[in-house]
Each structure stands twice: as C-alpha cells, then as structure tokens.
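One structure is given below, encoded as structure tokens.
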Amino acid sequence: MISALVALAVLAAADVRAKNHQDGNILVALEQPKSAGARQEPAAVAGDGKIQHTPLQKTARGENVVINAKIQDPSHLFAPLVFARKAGTERYDAYTMRDGGRRGFQARLPSSILSEGTFEYFIESQHEEGVATRAGSPRQPFSCVAFDPPLQPVAYTLRTREPGAEVKVDGNDAGRTPTTVSLLPGPHTVTVTTADGRSAEQQLEVKGRRAELDLVLELPKDATAPGILTVRSDPTDANVLIDGVFSGRTPFRGELREGEHLVAVEMEGRLREERKVLARNGRDAQLLIGLAPVARGAALSVDSDPPGATVLIDGKPQGRTPFVSPVVAGRHQLLLQQEGRRDVSTDFEMPKDRDFSIRLALPPTAHGASRLTITSAPAGATLTLDGTEVGVTPWSGETKPGSHRVSVVASGFVKEDRAVQVLVNRDTELAFALGRAPGPARLHVETEPPGASVRIDSAEGRQAPFTAEVQPGEHQLEVSLAGHRTVAQQVTLDAGQG
C-alpha cells in the first residue's frame with residue numbers, strides 16, 4: 001500500500017515548517033476556521049508587532065551569517081526562529097534564535113546558505129497568547145546577497161634554529177631568518193637555505209583573517225643525508241600517499257628519496273589534496289594542508305576490507321578507501337584494486353538526491369575462477385545466469401572468466417537483463433534496482449479528525465479513512481468537514497506503488 005504523509009495547514013508558517021515524511025500514510029489535518037477579521041499575510045517590513053529588526057542586505061561570502069533581532073516582552077516567548085532558504089529553492093529551513101540578553105536574540109546561519117550568492121529569510125516569534133508575529137513573511141522575505149571581502153595579507157615571521165638562512169617565498173628573495181613577510185591568502189612555498197647547502201621547503205595554505213603567525217622551519221643536520229618529508233594536516237589522522245602508495249597518517253614524518261614525488265592527503269568526508277615535492281639529499285620538505293569538507297549534495301562513500309584500496313570510477317582513479325566524493329547521478333562502474341588482493345568491481349546507480357554507500361571485501365589473490373556476486377532491490381528476486389536459474393538474490397558463486405548473461409525478475413517488478421564480463425582473478429558485483437511493473441497505485445487516506453469527505457480529482461466524495469486504486473500521475477485531493485476549513489493537496493504517485 002502506498003503510504004505518503006501530507007501535512008496540510010492553512011497558515012504559511014505551517015507550510016515552511018512542514019517536512020516531507022516517508023512513513024506512508026496520507027494524513028490530512030483540518031484547522032478550525034478563523035473569523036473574517038483574521039490577520040492577512042504581512043508585508044516584508046523590518047519590524048512586525050513585537051519584533052525589531054534591521055534587514056541584512058549583504059554579508060561576506062564564506063563566513064557564517066549572523067541575524068539579530070530585539071523582541072518586546074520575551075518573558076512568555078517560545079524560541080523565535082529565522083526561516084531561510086537559498087536562492088532558487090522553495091523550502092525554508094528553520095534556525096533557532098538564542099537570547100543574548102541586552103543584545104537581543106541572535107541566529108547563526110551556516111556559510112553554505114550563500115552558496116547560490118543570495119538567500120531569503122524572515123523572522124517569526126510565537127507567544128503563549130496570540131498569533132505568531134513576524135518580520136518579513138514567507139511570500140515577502142528579506143533578501144541578502146553575498147560579497148567577496150577584500151583579501152587581507154597575513155604577517156608571517158619566518159625563523160630557523162640557526163639564524164641567517166636565506167629565505168625565498170614563491171621563488172622570490174625575502175631576506176634572511178628571522179624575517180617577517182606579508183602573504184596574501186592562498187598557497188605559498190617557503191624555502192630556507194644555509195650557507196653550507198642545507199635547505200628546507202615549507203608548503204602552506206594561508207587563510208585570511210588571522211593574526212601574525214610565527215613559523216619555525218627545521219633544517220636538516222647533514223647536507224648529504226636523505227631528505228625528510230613532514231606532513232601535517234587539519235584535521236589530523238588523514239591518510240598520506242606518496243606516489244600512490246599508502247605511507248602513513250598525519251602527522252607524518254619519513255625519508256624521501258631524491259626526485260619529484262606526488263604527495264596526496266585523504267580523509268573520509270574531506271576533499272583530497274595533492275602536492276608535488278622535489279626531494280634531494282640535504283633538503284627537507286614540510287607540508288601543512290587544510291582538508292576542506294566535501295561539498296554537500298549526493299556523495300558516494302566507498303569502504304573496503306582491508307582499507308587502502310585504489311578507487312576507480314568509470315575507469316578513472318579517484319583516490320583510496322575510505323573514500324567520499326560527490327558523484328553525478330546515473331549508472332557508474334566501481335573498481336577496487338590493491339596489491340596482493342583480487343580486483344573487485346561493481347555497477348551502481350547513483351541517486352540524485354541522497355548519499356550512496358558501498359562496502360566491498362577484497363579477497364587474497366588466488367588462481368582459478370573468479371567470484372560473481374549479485375544483489376537486487378528488492379531482495380529475493382529470481383536469478384538466471386546464462387539461461388539457467390541459479391537461485392535468488394543476494395547470490396554469490398565462483399564463475400568462469402568470460403562473458404555472461406544475467407537476468408533478474410521479481411513479482412510486481414520489470415525483469416532486467418544485463419551482460420557482464422568476468423575477468424581472471426577479479427571478483428565482480430552486480431547491483432540491480434528493479435523498476436515497478438506498470439499498473440495502478442494504491443492510495444490510503446486518513447484525516448484528523450476522522451470522517452471527513454475526500455474527493456480525488458473532483459470525483460464523488462468518500463469518507464476517510466479509505467484505500468483506493470488510482471492511476472499513476474498527479475492527483476488533486478480535496479478534503480472537507482463541517483465546522484472545518486476545506487483544504488487541498490496535490491499528490492504524485494508512481495506506477496505500481498503500493
């Protein structure tokens with residue numbers, strides 16, 4: 001039986017508070033009618049009733065957004081809320097305003113609210129008695145735009161244990177240690193060299209809005225000794241890979257053979273960072289790397305047993321497990337590789353609006369047939385391999401290398417066929433998401449209070465609660481009950497939902 005929860009309310013405030021539920025019942029809430037003199041939707045003014053607020057017109061990009069308001073007679077006040085939405089979206093998110101005493105109430109919105117360059121908001125407070133009061137409104141919100149603040153240089157004082165080392169910043173002379181340089185936000189390379197040829201290189205990412213910083217660069221003791229690589233990250237405990245090989249976790253320190261190397265730093269939930277390092281004897285290299293959080297949106301999470309496997313998506317290397325990164329919606333192929341382990345691959349369908357997780361085990365390398373594993377949603381589907389029924393999903397078995405034909409079918413769902421190429425010493429996984437078979441959907445409707453008359457697409461009314469078969473597509477529900485307001489809701493149903 002289809003189940004969808006639709007919360008209907010008359011006030012716009014209820015609209016913005018409503019959440020999309022997934023528990024499957026359609027519950028229609030009817031509200032008692034108000035008098036003809038009920039308050040109309042307010043205009044977007046900077047102070048409605050008990051709220052005093054100066055609209056925020058612009059704010060710096062990349063920083064938290066602070067919204068302040070003073071509210072009269074807050075003694076019997078429920079926590080006031082700021083309702084905000086990004087430009088181009090319809091749904092408001094609610095943020096609680098904290099009481100700061102004489103400073104009034106304050107809400108802090110995340111910097112991501114400015115990701116589209118503009119956001120809209122209004123403020124609402126609710127007292128124990130009387131209706132909610134607002135500054136702005138859902139239909140006439142305040143609009144705030146983002147601006148890029150001017151870059152401010154940060155002063156770095158560069159020191160060495162032995163003063164007098166020559167300093168170069170991004171290849172330009174900057175004096176001798178100790179010396180103070182002003183660096184604009186962004187990546188920079190600092191090199192210090194002593195008269196006897198010892199040197200150290202520091203790659204750093206300068207962040208704006210910091211006080212003066214003191215940076216001590218450690219020099220090697222011997223000009224002929226192998227170079228030492230030091231890697232620090234924020235946050236710590238990130239994976240360090242040198243030329244694609246897992247070498248340890250941050251904070252990391254180890255010898256680096258002469259030549260050019262690619263150093264990568266990875267952490268689950270953070271964007272991968274890479275740096276090129278030119279190593280030679282008597283020259284140490286230091287990396288200080290800040291790992292930015294993965295941008296929200298649909299993200300793929302890949303784990304392996306054991307961890308540290310190379311992740312290839314559609315044939316392109318993307319990193320190592322544990323791995324998290326945004327992936328465009330649609331069908332993709334995932335391949336995990338690790339020395340001493342059999343390759344494991346799987347096809348997956350990346351959703352548009354939610355994260356997707358995959359965990360695969362990499363068995364030790366062994367000669368002979370590879371293993372084919374097949375799963376489906378829903379589980380329990382009948383599985384046919386090369387024309388022979390072999391069981392139901394989930395299924396796993398040793399399969400000869402070569403081309404094979406896989407068919408999966410379940411009652412009420414469309415049969416799906418797929419070709420798969422099984423390679424020597426490579427385990428393969430196939431995941432099927434079966435589409436529902438065409439047919440009517442089943443709709444269950446309840447009302448609160450019960451007994452209301454429900455009309456679907458203007459058809460003759462039926463008394464709730466009831467269950468009915470309806471055709472796939474959009475439908476208009478109209479609910480009425482004596483002594484209550486009539487409300488309406490549009491519902492979209494897919495074929496075969498039930």
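Source: prediction; values computed, not measured.
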Does K276 offer a backbone N or O that forms a donor-acceptor pair with the side chain of Q203 under 3.5 Å?
-> yes

Which pairs pass salt bridge (Lys or Arg N to Asp or Glu O under 4.0 Å) with one or both residues in residues 155-165, sequence neighbours excluded?
-> R159-D214, R161-E218, E162-R198

Please report the C-alpha distance between I313 and V327 in whole Å, then the side-chain angles of each, then the deciding distance to 0.1 Å, and finally whether the side-chain contact (heavy atoms from CB on, under 4.5 Å) criterion is met.
-> CA-CA 9 Å; I313 299 177; V327 174; 4.2 Å; yes

Taking the six-membered ring of F119 (Phe, Tyr or Trp), confirm whether the NZ or CZ of K86 is under 6.0 Å from its centre and within 45° of its axis.
-> no

Identify the residue among L81, N68, V82 that makes a side chain to side chain contact (heavy atoms under 4.5 Å, CB included) with I123.
-> V82

Can you check whether V245's main-chain N or O pairs, donor with acceptor, with S247's side chain at less than 3.5 Å?
-> yes

Counting only N and O atoms by type, is there a donor-acceptor contact under 3.5 Å from the side chain of R341 to the main-chain atoms of P363?
-> no

Pairwise distance OG(S345) to CG(L312) - rounded to 0.5 angstrom | 10.5 Å

Is T321 reaching over with its side chain to a backbone N or O of G308, donor-acceptor style, under 3.5 angstrom?
-> yes

Say whether D314 and Q333, considering side chains only, have a donor N or O and an acceptor N or O under 3.5 Å apart.
-> no

Has the side chain of D284 got a donor or acceptor atom that lies under 3.5 Å from a matching backbone atom of I228?
-> yes

Heavy atoms of other groups near R253 CZ, more than 12 under 6.0 Å = no

Under the 3.5 angstrom rule, does the side chain of Q338 hit a backbone N or O of P307 as a donor-acceptor pair?
-> yes

Polar contact flag, side-chain donor to acceptor under 3.5 angstrom, T177-T160 | yes

Quick one: list whatever passes salt bridge (Lys or Arg N to Asp or Glu O under 4.0 Å) with R275, sequence neighbours left out.
-> E205, E273

For residues 163-174, which side-chain donor-acceptor pairs fall under 3.5 Å, sequence neighbours excluded?
| unit_1 | atom_1 | unit_2 | atom_2 | d |
| --- | --- | --- | --- | --- |
| D170 | OD1 | T189 | N | 2.8 |
| D170 | OD2 | H188 | ND1 | 2.7 |

Heavy atoms of G104 and K70 approach each other most closely as CA-CG, 4.2 Å

Side chain to side chain donor-acceptor pair (under 3.5 Å) against T373, all qualifying residues, sequence neighbours excluded | S396

Looking only at atom types and distance, does a side-chain atom of D243 sit under 3.5 Å from a main-chain N or O of L262, one as donor and one as acceptor?
-> yes

One should read off an interatomic distance between R232 CZ and L287 CG, to the nearest 0.5 angstrom, of 9.5 Å

Taking the six-membered ring for Trp, is the centroid-to-centroid distance between H53 and Y121 below 6.0 Å?
-> yes

Six-ring centre of F432, R418 cation under 6.0 angstrom, axis tolerance 45° | yes

Donor-acceptor pair, side chain of S304 and main chain of P306, under 3.5 angstrom = yes

Pick from I358, L335, L336: which one makes a side chain to side chain contact (heavy atoms under 4.5 Å, CB included) with V311?
-> L336

By side chain to side chain donor-acceptor pair (under 3.5 Å), which residues pair with S407, not counting sequence neighbours?
-> D417

Quick one: are the ring centres of Y92 and F122 less than 6.0 Å apart?
-> yes

For residues 385-395, the side-chain hydrogen bond (donor to acceptor under 3.5 Å, both in side chains) pairs (sequence neighbours left out) are S376-T393, D386-H404

Side-chain donor/acceptor of S182 to backbone N/O of A155, under 3.5 Å = no

Quick check: does any side chain N or O of T193 sit under 3.5 Å from a backbone N or O of S199, one acting as donor and the other as acceptor?
-> no

Decide salt bridge (charged side-chain N to carboxylate O under 4.0 Å, His left out) for R280 and E258; before the verdict, give the C-alpha distance in whole Å, the side-chain angles of both, and the deciding distance to 0.1 Å.
-> CA-CA 4 Å; R280 62 171 183 260; E258 288 191 297; over 6 Å; no

